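These figures come from a predicted structure and were not determined experimentally. Because only heavy atoms are used, hydrogens play no part in the values below, and waters and symmetry mates are left out as well, while side chains stay in.
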Amino acid sequence: MIVESALKPFRVLAYIVGTMLLVLCAAMVLRYGFDIPEPSKIVSPIHGFLYMLYLIAVMNLGMKARWSWGRMLGIMLAGTVPLLSFYVERRVTAGVRETIAA
């Protein structure tokens, strides 16, 4: 099914973006708490680029699964809250697999 082909990139990017967001949070602590700006200068653009890929993956999956724009927006915003992308990925994966099985 077409939806299955969009699920794997979404899952991979959800994990990568979630992990990179945690790394970015650590880099921000170093930058503003300990006056060490170098790690955030490296991590910030990498996270930004990967987040854009995550947005594309959500849009791809959402269009193929025929989600509402509100649902897609909510899933997209999950990539901005530390640890939330891991939870949302599990819920989305379960929901998509349930839809495919039905």
Side-chain angles (χ1 to χ4, degrees):
M1 190 169 200
I2 294 175
V3 178
E4 290 178 58
S5 67
L7 184 60
K8 187 171 185 173
F10 164 76
R11 293 186 72 201
V12 169
L13 282 165
Y15 279 109
I16 291 172
V17 167
T19 302
M20 285 302 295
L21 186 56
L22 293 174
V23 172
L24 179 61
C25 288
M28 288 296 154
V29 169
L30 290 174
R31 180 181 193 127
Y32 295 111
F34 299 98
D35 200 28
I36 305 172
E38 290 80 19
S40 68
K41 288 180 180 180
I42 295 168
V43 173
S44 297
I46 294 170
H47 170 70
F49 175 74
L50 291 171
Y51 184 69
M52 292 300 133
L53 293 179
Y54 172 75
L55 295 178
I56 293 168
V58 171
M59 181 71 79
N60 182 36
L61 180 59
M63 298 300 260
K64 289 178 179 177
R66 299 184 186 269
W67 292 341
S68 68
W69 287 103
R71 182 173 183 188
M72 278 193 276
L73 180 62
I75 294 169
M76 287 175 178
L77 289 175
T80 64
V81 179
L83 302 175
L84 187 59
S85 66
F86 301 114
Y87 173 74
V88 169
E89 182 275 329
R90 282 284 158 202
R91 298 266 325 239
V92 168
T93 299
V96 168
R97 287 185 174 158
E98 184 178 298
T99 302
I100 290 170

Set of side-chain contact (heavy atoms from CB on, under 4.5 Å) partners for Arg91, sequence neighbours left out = Tyr87
request  = For residues Val96 and Trp67, determine if any side-chain heavy atom of one lies less than 4.5 Å from a side-chain heavy atom of the other.
outcome  = yes
task = Mind running side-chain contact (heavy atoms from CB on, under 4.5 Å) on Val3 and Thr99 for me, showing each step along the way?
result = CA-CA 10 Å; Val3 178; Thr99 302; over 6 Å; no
query = Thr93 and Glu89: side chain to side chain donor-acceptor pair (under 3.5 Å), yes or no, with the steps?
reply = CA-CA 6 Å; Thr93 299; Glu89 182 275 329; 2.8 Å; yes
query = With sequence neighbours excluded, what pairs up with Pro9 under the side-chain contact (heavy atoms from CB on, under 4.5 Å) test?
reply = none
Residues 31-43 side chain polar contacts: donor-acceptor under 3.5 Å, at least two apart:
from	atom 1	to	atom 2	distance (Å)
Arg31	NH1	Ser40	OG	2.7
Ser40	OG	Pro37	O	3.0

key: Met72 with Leu7, same ILVMFWY side-chain cluster at under 4.5 Å   = yes
Sequence neighbours left out, cut at 3.5 Å: what donor-acceptor pairs do the side chains of residues 45-60 make with other protein atoms?
from	atom 1	to	atom 2	distance (Å)
Tyr51	OH	Met76	O	2.8
Tyr54	OH	Ile75	O	2.8
Asn60	OD1	Lys64	NZ	3.4

note = Besides Leu77, the hydrophobic cluster formed by Ile, Leu, Val, Met, Phe, Trp and Tyr side chains linked at under 4.5 Å, directly or via other members, contains Leu73
Scan the side chains in residues 18-26 for donor-acceptor partners under 3.5 Å anywhere in the protein, sequence neighbours excluded, and list what turns up.
from	atom 1	to	atom 2	distance (Å)
Thr19	OG1	Tyr15	O	2.9

